[in-house]
Visitor: 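Before we start, here is the structure in question, set down as structure tokens.
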Amino acid sequence: MNKREAILETAVSLFAEKGYNNTSMQEIADGVGISKGSLYSFFTSKEDLMISIYEHYQQLVFERVFIIGLDEDLPPLQKLEKQFTVQFEGILEYKAYMKMHMRGEAATNNKKISAMEHRMRGRLFSWLEKSLISLYGEEVSAYKWDLLFMIQSIYRTYMMLMVSGKAKISPEKIGKHIVRQLEAMADDFIRGNSHPILDEEMMKDFAVEMDKEGAFISFEKREQAWKTFYTKLKDFEKSEASSLKEIANRISEETRKSRPEMMVIKGLFALLKENGEIAAAAKVLENEILSD
């Protein structure tokens, strides 16, 4: 773990335990074992540090969702189940971060942090919107806002239970359960048994601010590298592409860990680079991941 990551991890633990407002930069520096001046060389303010925490941990969770979305061999329903599953795996992996995030006190009087939280919710909604259309086609657009908010509510409830330790349920079981509920609600709307109460006019301000692109600025090149790599795999026979995807998926799983094994990641990339047709794309991806 490098010094920057050590600062982020220490800050998350303190913010989760004591709260953002009750934690000083000096306490964070002491926790890392560096001077306060050294801490400020990485982050110019506590606000800057908090925003970096949000970017870092949200990206770790959502990058797995993004990569699963690139696999065109997965049927839409199975893909969505898997995407929900990896998010709940991330929640278990980063309990301190989720506990800090759920306190919500940092955003109370801070416009920049509040905007960051809004963007994170927008990213969740953008992904869900694309998933709904992939499953049901444009027909579902008339009901999407009600479905988005209802699914977000279910998602957040299970997230809170998992973070609190009151619900010991496997991420895979929750992923499948949420998708089943989504199917039931969507079917009820499509059959005309329920009618939407939210529409585009009501939600136009929220829609304008939704994050349509996905990655935070600092991770855009990294996600583009993943996209380029998966595009290259389309030229391979299905069996070979499947084997290469398995290696790439293993890399993605390892990088998501709070303490990834760099030697494992390098070894997996070495396997990918043995194939001349994807070696260049794999090298670019490796540079993006290992440079963080």
Visitor: Any idea which heavy atoms bring Met159 and Ile91 closest together, and the distance?
Guide: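 For Met159 versus Ile91, the nearest heavy atoms are CG-CD1, 3.5 Å.
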Visitor: Sequence neighbours left out, what passes ring-ring contact (aromatic ring centres under 6.0 Å, His included) with Phe62? Give chain and number order.
Guide: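 Once residues adjacent in sequence are excluded, Phe62 has no partner under the ring-ring contact (aromatic ring centres under 6.0 Å, His included) criterion.
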Visitor: As an exercise, state the distance from CD of Gln58 to CG of Leu124, rounded to the nearest 0.5 Å.
Guide: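 Atom-to-atom, Gln58:CD and Leu124:CG are 8.5 Å apart.
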Visitor: Taking side-chain hydrogen bond (donor to acceptor under 3.5 Å, both in side chains) as the definition, give me every residue that meets it alongside Asp235, ordered by chain and number, with sequence neighbours left out.
Guide: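 Asp235 satisfies side-chain hydrogen bond (donor to acceptor under 3.5 Å, both in side chains) with no residue once adjacent residues are dropped.
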Visitor: Can you name the residues that form a side-chain hydrogen bond (donor to acceptor under 3.5 Å, both in side chains) with Ser252, not counting sequence neighbours?
Guide: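 For Ser252, the residues satisfying side-chain hydrogen bond (donor to acceptor under 3.5 Å, both in side chains) (neighbours in sequence not counted) are Arg64.
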Visitor: Does His177 reach the side chain of Ile169, with side-chain heavy atoms less than 4.5 Å apart?
Guide: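 The answer is no, as the side chains (C-beta and beyond) never meet within the 4.5 Å cut-off.
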Visitor: Does Tyr158, at its OH atom, have more than 12 non-hydrogen atoms belonging to other residues, nucleotides or ligands within less than 6.0 Å?
Guide: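 Not more than 12 within 6.0 Å, no.
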Visitor: Quick one: do Glu288 and Gln224 satisfy side chain to side chain donor-acceptor pair (under 3.5 Å)? Show the steps, please.
Guide: CA-CA 10 Å; Glu288 287 297 326; Gln224 183 56 51; over 6 Å; no
Visitor: Does the salt bridge (charged side-chain N to carboxylate O under 4.0 Å, His left out) test come out yes or no for Lys257 and Glu253, once each step is laid out?
Guide: CA-CA 7 Å; Lys257 293 179 181 178; Glu253 289 176 346; over 6 Å; no
Visitor: Run His101 and Tyr54 through ring-ring contact (aromatic ring centres under 6.0 Å, His included) and show every step you take.
Guide: CA-CA 8 Å; His101 176 56; Tyr54 276 143; 5.5 Å; yes
Visitor: Would you check if Phe189 and His195 make a side-chain contact, meaning some heavy-atom pair closer than 4.5 Å?
Guide: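 Not in contact.
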Visitor: Determine whether Val86 and Ile67 make a side-chain contact, defined as any pair of heavy atoms from C-beta on separated by less than 4.5 Å.
Guide: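 Sidechains of Ile67 and Val86: no contact.
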Visitor: For the NZ atom on Lys95, are there more than 12 heavy atoms of other groups (residues, nucleotides or ligands in this structure) within a distance under 6.0 Å?
Guide: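 Enclosed: over 12 neighbouring heavy atoms sit under 6.0 Å from NZ of Lys95.
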Visitor: Would you say Met160 has more than 12 foreign heavy atoms packed within less than 6.0 Å of its CE?
Guide: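 Atom CE in Met160 is not crowded, with 12 or fewer foreign heavy atoms closer than 6.0 Å.
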Visitor: Is it the case that over 12 heavy atoms from other parts of the model lie below 6.0 angstrom from the CD atom of Glu261?
Guide: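 Check fails, neighbour count at 12 or below.
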Visitor: State the CD-OG1 distance between Glu223 and Thr228, to the nearest 0.5 angstrom.
Guide: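 Answer rounded to 0.5 Å: 11.5 Å.
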Visitor: How are the rings of Trp127 and Phe84 set to each other: parallel, tilted or perpendicular (split at 30° and 60°)?
Guide: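 Trp127 vs Phe84 ring planes: perpendicular.
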Visitor: Less than 3.5 Å apart, which donor and acceptor atoms pair up between the side chains of residues 264-286 and the rest of the protein, not counting sequence neighbours?
Guide:
{"from": "Lys273", "atom 1": "NZ", "to": "Glu286", "atom 2": "OE1", "distance (Å)": "2.7"}
{"from": "Asn275", "atom 1": "OD1", "to": "Glu277", "atom 2": "N", "distance (Å)": "3.0"}
{"from": "Asn275", "atom 1": "ND2", "to": "Glu240", "atom 2": "OE2", "distance (Å)": "3.1"}

Visitor: So, using side-chain hydrogen bond (donor to acceptor under 3.5 Å, both in side chains) as the criterion, who are the partners of Lys168 when residues are at least two apart?
Guide: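 Checked Lys168 against side-chain hydrogen bond (donor to acceptor under 3.5 Å, both in side chains); zero matches.
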Visitor: List the residues meeting salt bridge (Lys or Arg N to Asp or Glu O under 4.0 Å) with Asp71, not counting sequence neighbours, and say none if there are none.
Guide: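 Checked Asp71 against salt bridge (Lys or Arg N to Asp or Glu O under 4.0 Å); matches are Lys245.
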Visitor: Would you check if Ile251 and Phe229 make a side-chain contact, meaning some heavy-atom pair closer than 4.5 Å?
Guide: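 SC-SC contact between Ile251 and Phe229 ruled out.
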Visitor: Out of curiosity, Leu148 CG to Glu129 CD, how far, rounded to the nearest 0.5 Å?
Guide: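 Output value for this atom pair is 6.5 Å.
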Visitor: With Lys176, which residues qualify under side-chain hydrogen bond (donor to acceptor under 3.5 Å, both in side chains), at least two apart?
Guide: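 side-chain hydrogen bond (donor to acceptor under 3.5 Å, both in side chains) list for Lys176, sorted by chain: Glu81.
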Visitor: Could you go step by step and tell me if Arg259 and Glu254 meet the salt bridge (charged side-chain N to carboxylate O under 4.0 Å, His left out) rule?
Guide: CA-CA 8 Å; Arg259 296 181 186 276; Glu254 191 65 36; over 6 Å; no
Visitor: So which atom in Leu147 and which in Ala186 form the shortest heavy-atom distance, rounded to 0.1 Å?
Guide: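 Scanning both residues completely, I find the closest heavy atoms to be CD2-N, 3.8 Å.
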Visitor: Are the side chains of Pro171 and Leu92 in touch, meaning some heavy atoms are under 4.5 Å apart?
Guide: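 Yes, side chains in contact.
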Visitor: With a cut-off of 3.5 Å and sequence neighbours excluded, list every side-chain donor-acceptor pair involving residues 10-17.
Guide:
{"from": "Thr10", "atom 1": "OG1", "to": "Ala6", "atom 2": "O", "distance (Å)": "2.8"}
{"from": "Ser13", "atom 1": "OG", "to": "Glu9", "atom 2": "O", "distance (Å)": "3.2"}

Visitor: What distance do Glu183 atom CD and Ile178 atom CD1 have between them, rounded to the nearest 0.5 Å?
Guide: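 If I round to the nearest 0.5 Å, the distance is 13.0 Å.
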Visitor: Met263 and Ile289: same hydrophobic cluster, using ILVMFWY side-chain contacts below 4.5 Å?
Guide: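 Each belongs to a different hydrophobic cluster.
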Visitor: Taking C-beta and beyond as the side chain, do Asp146 and Met185 meet within less than 4.5 Å on heavy atoms?
Guide: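 Contact flag for Asp146/Met185 side chains = no.
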Visitor: About how many Å separate CZ of Arg4 and OG of Ser41, when rounded to the nearest 0.5 Å?
Guide: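 Between Ser41 OG and Arg4 CZ, I get 11.5 Å after rounding to 0.5 Å.
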Visitor: Strictly under 6.0 Å, is that where the ring centroids of Tyr97 and His56 end up?
Guide: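 No, the ring of Tyr97 stays outside the 6.0 Å limit from the ring of His56, centre to centre.
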Visitor: If you define the side chain from C-beta out and look only at heavy atoms, does anything of Leu132 sit under 4.5 Å from Leu182?
Guide: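 Yes - at least one pair of side-chain heavy atoms lies under 4.5 Å apart.
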Visitor: Sequence neighbours left out, what pairs pass salt bridge (charged side-chain N to carboxylate O under 4.0 Å, His left out) with at least one residue falling in residues 37-54?
Guide: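 Counting only pairs at least two positions apart or across chains, the salt bridge (charged side-chain N to carboxylate O under 4.0 Å, His left out) contacts touching residues 37-54 are Glu47-Lys112.
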Visitor: Is it true that Tyr136 and Tyr143 have ring centroids separated by less than 6.0 Å?
Guide: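 That pair fails the under 6.0 Å test.
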Visitor: Output all residues satisfying salt bridge (Lys or Arg N to Asp or Glu O under 4.0 Å) with Glu138, sequence neighbours left out; order by chain, then residue number.
Guide: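 If we apply the salt bridge (Lys or Arg N to Asp or Glu O under 4.0 Å) test to Glu138, skipping adjacent residues, there are no hits.
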Visitor: If you round to the nearest 0.5 Å, how far is CD1 of Ile28 from NZ of Lys36?
Guide: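 Between atom NZ of Lys36 and atom CD1 of Ile28 there are 10.5 Å.
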Visitor: Show me the pairs that pass salt bridge (charged side-chain N to carboxylate O under 4.0 Å, His left out) and involve residues 185-198, at least two apart or across chains.
Guide: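 Listed once each, the pairs are Asp187-Arg191.
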Visitor: How would you list, by chain and number, every residue that makes a salt bridge (Lys or Arg N to Asp or Glu O under 4.0 Å) with Glu63, sequence neighbours excluded?
Guide: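 Once residues adjacent in sequence are excluded, the partners of Glu63 under the salt bridge (Lys or Arg N to Asp or Glu O under 4.0 Å) criterion are Arg222.
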